[in-house]
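Let me begin by presenting the structure, written as structure tokens, before commenting on it.
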Amino acid sequence: MKIPTRLLPLVEDGMVDEVISQLMSGKEADVFVVSSNGNICCAKVYKEIDQRSFKKAAAYREGRKVRDSRRERAMSKGSKFGREEAEKVWQNAEVDALYALSAAGVRVPTPYGCIDGVLLMELVTDDQGSVAPRLNDVTLSKEQALRDHGTVIQDVVRMLCEGIIHGDLSEFNVLVDHIGPVIIDLPQAVDASANNNAKWMLERDVNNMTNYYGQYAPELIGTQYAKEMWALYEAGDLTPNTELTGVYEDDGEDADVDGLMAEINAVMEEARLRKERRLEAESDQE
């Protein structure tokens, strides 16, 4: 196929041997199947901010660390330099998260590097060697749903132990290979300890997955894995090997009005995002 403009520098530098096909075009990036050093992998080409439908909402940016105070000031002022630096921070969020989570044993694509806004990473495949389907496109048995839900919950625990919350986890951001679920798409990853929205984002992520798997295993509906997980995290008792029960008892404290409003806003935002994902999935299938 014709080499996309953004991939030309990587081809010229020998980082990419051949662009084989376009895998998908999403709201944040275009993804291509490429050959690199003799291996078949993915090249995720991030879109410029004016071409993206997901606009790096402040809720996701909050708490992201910038070492250089000059860069941080420029980003806050919104200057041209600041916007360029903000783009780098946004792209690096996924790269940094993938490296950290891969090392922590979370099932994510193995990253190979990010050059000029192009992330090279593992191509996740099924047992036939074809591109792995999204969870949304897979029909599950009750036993598989229970097993895969447990895998995802354990991976979310490992992520939280690394201080990372996906922030947009759903059946559209999980692939299913011959082993089980693989979590993808992390440019909006949230710092669990520095973002005031972390708790409700974690709850939304976990509840999205529980409700989806609950279609096949109804006993999952109504479980409280997110609340149990967050309580252990806040108490400093959460470890990568913590076995959750899905049961959480409220301590009876007064209602958290701000927290309630955040949850309401989260539900509304999730409805919007799910509509976007559905339209995007329909577009990919055409």
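We count residues from 1, following the sequence as given.
Between Lys199 and Glu234, no side-chain nitrogen of the basic residue sits less than 4.0 Å from a carboxylate oxygen of the acidic one, so the salt-bridge criterion is not met. Taking the charged nitrogens against the carboxylate oxygens, Arg6 and Asp30 have no contact shorter than 4.0 Å, which rules out a salt bridge.
Glu18 and Ser35 share no donor-acceptor pair across their side chains, judged by distance under 3.5 Å alone. A donor-acceptor pair shorter than 3.5 Å can be found between the side chains of Ser193 and Asp191.
Contact of the Leu10 side chain with the Leu120 side chain is registered, since non-hydrogen atoms from C-beta on lie closer than 4.5 Å. In this structure, the side chains of Tyr46 and Glu28 stay at 4.5 Å or more apart for every pair of heavy atoms. Annotation: side chain of Phe172 is not in contact with side chain of Asn208 (no heavy-atom distance under 4.5 Å). Side-chain contact between Met229 and Leu238 is present, with heavy atoms from C-beta onward closer than 4.5 Å. The side-chain heavy atoms of Asp126 and His178, taken from C-beta on, include no pair separated by under 4.5 Å.
When atom types are taken as modelled, the side chain of Tyr212 and the backbone of Leu135 share a donor-acceptor pair closer than 3.5 angstrom. Side-chain N or O atoms of Gln188 include one that pairs as donor or acceptor with a backbone N or O of His166 at under 3.5 Å.
Annotation for Pro187 and Ala93: closest pair O-CB, 3.7 Å, computed over non-hydrogen atoms. Across all their heavy atoms, Tyr99 and Gly113 have their closest contact at OH-N, 3.4 Å. Of all non-hydrogen atoms in Val206 and Ile153, the two that sit nearest each other are CG1-CD1, 3.7 Å. The two atoms that bring Val19 and Met1 nearest to each other are O-CG, 3.4 Å, heavy atoms only. Closest approach of Met15 and Ser36 over heavy atoms only: O-OG, 2.6 Å. Contact detail for Tyr112 and Met121: the closest heavy-atom pair is CE1-C, 3.4 Å.
Here the CD1-CD distance, from Ile184 to Glu94, works out to 9.0 Å after rounding to the nearest 0.5 Å.
Shown here is Asp116, whose CG atom has no more than 12 heavy atoms of other residues, nucleotides or ligands within 6.0 Å.
A side-chain hydrogen bond (donor to acceptor under 3.5 Å, both in side chains) with Arg107 is found for exactly one of Thr151, Asp155, Asp177, namely Asp177.
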